[in-house]
Amino acid sequence: MRIPMMVGNWKMNNDNDEAWDLAVAIAEGLEDLEGCQVVVCPPFTALVSVGEAMEGTDIALGGQNLYWETSGAFTGEISAPMLTSCGCEYVIVGHSERRGRFGKAPAEECLLSVFGDNDATVNKKVKAALSGDLIPIVCVGELLAERQEEKTDEVVEGQVVAALAELVEDEIVDVVFAYEPVWAIGTGEVCEAGEANRVCRIIREALAEKVGADEAEQMIVLYGGSVSPGNIQGLMEQPDIDGGLVGGACLKDESFCELAKVAAEVKGE
Ligand code: PGA
């Protein structure tokens, strides 16, 4: 049985004081929650205070990115050991905003990424996360133009396979995937639940090719992109969607707590 998961990606929001307040409110709001793994991913600068605010709860801490080396002359970067030393158990890898694939922007503009993540760096980061005892939450998803050209399945499958290059079965089973259609991120335009489920199934089938069908059935596949209290029920009712990777709606404790509670409730039925 897969335990549902709700991940809050705070992105570049909340200074240390704001982060503390939000974390305390989430911890209080989810005090009685059972049956959903909640993960909070604040900016690096707030990891320690958020960890403190959530101490004693079952809420896990995650980073939003990492670099693949463990230390050295890499100005501005953060390594897996640094994240674990702040209490992280998870790390988001290959978010579309880091791959330079933005909202509804045309494909040409999406190539202007200042962060430069691509399939090859995502693979290095997944390996670094796993060797550093972090569970990578790997984001995959198509641009609007790719969907219109009916390339969704090919793009998503390609990203899954590339992220897992050279990894062995025992490592792969720990990886969490998040299907995040780029056009749905931060746009308020959620992917229709049945379609999101179809693509999550494609991800699971690609995983089955690597680890076998039984193991792939145990792996966590999330949906992300304009998840909100208004659409979470329908998403969670889908058999291949195990939870959400949430941006906007995780910045308010009431809405984030509601998402986690609905996930637990629907999957617990
Ligand atoms: P959103 O962001 O919920 O604001 O669309 C999701 C994400 O970027 O992971």
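Positions are given from 1 along the sequence. Numbering of ligands and ligand atoms starts at 1, following listing order. Hydrogens, waters and symmetry mates are skipped; everything else that's a heavy atom, side chains included, is used.
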key: Per-atom contacts of ligand 1 with Gly225, taking only distances under 4.0 Å to non-hydrogen atoms   = 5 (O)
key: Proximal atoms of ligand 1 relative to His95 (non-hydrogen, under 4.0 Å)   = 7 (C), 8 (O), 9 (O)
key: For atom 9 (O) of ligand 1, the protein heavy atom that lies nearest, with its residue and separation   = Glu180 OE2, 2.7 Å
message = If you count heavy atoms of other groups shown closer than 6.0 angstrom to CD of Glu77, is the number above 12?
response = yes
ask   = Looking only at heavy atoms of Ser226, does any of them come nearer than 4.0 Å to an atom of ligand 1?
value = yes
request  = Return yes when Ala249 approaches ligand 1 closer than 4.0 angstrom through a heavy atom, no otherwise.
outcome  = no
Which residue and heavy atom of the protein sit nearest atom 6 (C) of ligand 1, plus the separation = Gly247 N, 3.4 Å
Element-labelled atoms of ligand 1 that are located less than 4.0 Å from some non-hydrogen atom of Lys11 = 2 (O), 7 (C), 8 (O)
Element-labelled atoms of ligand 1 that are located less than 4.0 Å from some non-hydrogen atom of Gly186 = 1 (P), 4 (O), 5 (O)
message = Quick check: Thr187 and ligand 1, any N/O pair under 3.5 Å apart?
response = no
ask   = Would you say Leu207 and Val175 make side-chain contact, with heavy atoms under 4.5 Å?
value = no
ask   = Taking atom CG of Asp58 as the centre, does the number of heavy atoms from other residues, nucleotides or ligands within less than 6.0 Å exceed 12?
value = no
inquiry  = Does this structure show an ion pair linking Asp117 with Lys124, if we count only N-O contacts that are shorter than 4.0 Å?
reply    = no
task = Report the nearest protein non-hydrogen atom to atom 4 (O) of ligand 1: residue, atom name, distance rounded to 0.1 Å.
result = Gly248 N, 2.8 Å
Salt bridge (Lys or Arg N to Asp or Glu O under 4.0 Å) between Glu217 and Arg201, worked out = CA-CA 10 Å; Glu217 285 304 319; Arg201 184 75 217 164; 3.1 Å; yes
query = Going by atom types only, do Tyr179 and Gln159 share a side-chain donor-acceptor pair under 3.5 Å?
reply = no
query = With the threshold set at 4.0 Å, does a side-chain nitrogen-carboxylate oxygen contact exist between Glu265 and Lys261?
reply = no
inquiry  = Heavy-atom count check: over 12 atoms from other residues, nucleotides or ligands less than 6.0 Å from Asp133 CG?
reply    = no
task = Mark the output for Ala184 as yes if a heavy-atom distance to ligand 1 is under 4.0 Å, and as no if none is.
result = yes
